S.K.: 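Got a structure here, written out as structure tokens. Questions coming.
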Amino acid sequence: MTTARDRRRATNDVKEALRALSIQLSRLNHQVGAQLELKDADFDCLDLVNRHGPLSPSALARQAGLHPATMTGILDRLERGGWIARDRDPGDRRAVVIRALRDRNQEVFALFAGMNTAMDALCAGYDEAQLTLIGEFLERCTEAGRAATDDLASA
């Protein structure tokens, strides 16, 4: 029989594992960014544009949790590096949208190859229902983190 204490211990183990995962992924992203000669914030913004773009600079700043004025330097560096392009917004020719250039994606994929291979091997040990449950849990963790971040930002 599971006691309240056992449940608290298991819940704390999950939280500790997520903190450890967060640190390791942060370290991995830092190393990948360093190999690509990108600052951490630049690499984060590039990932957001790749995943959610094209984006306006202000939308990117909101998603990255950065001040809009900070975005100019980041976008200048990413553009100089051949990572992004600034285009006129088709819906409002006065506005600009940021889109990722795919020319350098192979460099990024190559640096994440080890992690992707390890994740494929790890996932192979779970059935489809378990992977679905894990995916849903991680999505809910992401949403909880987003909500906590929004609460802190508005405080």
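Values below: every heavy atom of this structure, side chains too, minus hydrogens, waters and symmetry copies. Since the model is a prediction, treat every value here as computed from it, not as a measurement.
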S.K.: Determine whether L78 and V49 make a side-chain contact, defined as any pair of heavy atoms from C-beta on separated by less than 4.5 Å.
M.R.: no
S.K.: Enter the distance from L122:CG to T117:OG1 here, rounded to the nearest 0.5 Å.
M.R.: 12.5 Å
S.K.: Donor-acceptor pair, distance only, cut-off 3.5 Å: does the side chain of S154 make one with the backbone of D150?
M.R.: yes
S.K.: Any side-chain heavy atom of M71 within less than 4.5 Å of one from C45?
M.R.: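 Sidechains of C45 and M71: in contact.
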S.K.: Report yes if the side chains of L101 and I84 come closer than 4.5 Å at any heavy-atom pair, otherwise no.
M.R.: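 Of all side-chain heavy-atom pairs linking I84 with L101, none is under 4.5 Å.
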S.K.: Do V97 and L55 come close enough that some side-chain heavy atom pair is under 4.5 Å?
M.R.: no
S.K.: Side chains of W83 and V108, heavy atoms from C-beta outward: is any pair under 4.5 Å?
M.R.: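 Sidechains of V108 and W83: in contact.
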S.K.: Assess whether salt bridge (Lys or Arg N to Asp or Glu O under 4.0 Å) is satisfied between R146 and E143, documenting all intermediate values.
M.R.: CA-CA 5 Å; R146 184 177 297 115; E143 186 51 44; 2.5 Å; yes
S.K.: Would you give the length of the straight line joining atom CZ of F43 to atom CG of N50, rounded to the nearest 0.5 angstrom?
M.R.: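 Going from the CZ atom of F43 to the CG atom of N50 covers 9.0 Å.
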S.K.: Less than 4.5 Å apart, side chain to side chain, heavy atoms only: is that true for P54 and D87?
M.R.: no
S.K.: With a 4.5 Å heavy-atom cut-off, do C123 and L131 have their side chains touching?
M.R.: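 Yes, at least one pair of side-chain atoms sits under 4.5 Å.
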S.K.: Under 3.5 Å, is there a donor-acceptor pair linking the side chains of D6 and T3?
M.R.: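 The criterion, which ignores hydrogens and geometry beyond distance, is satisfied for T3 and D6.
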S.K.: Would you call R86 and D76 a salt bridge, taking side-chain N to carboxylate O under 4.0 Å as the test?
M.R.: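 Yes, charged N to carboxylate O under 4.0 Å.
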S.K.: I'd like to check L133 versus Y126 (side-chain heavy atoms, cut-off strictly below 4.5 Å). Are they in contact?
M.R.: no
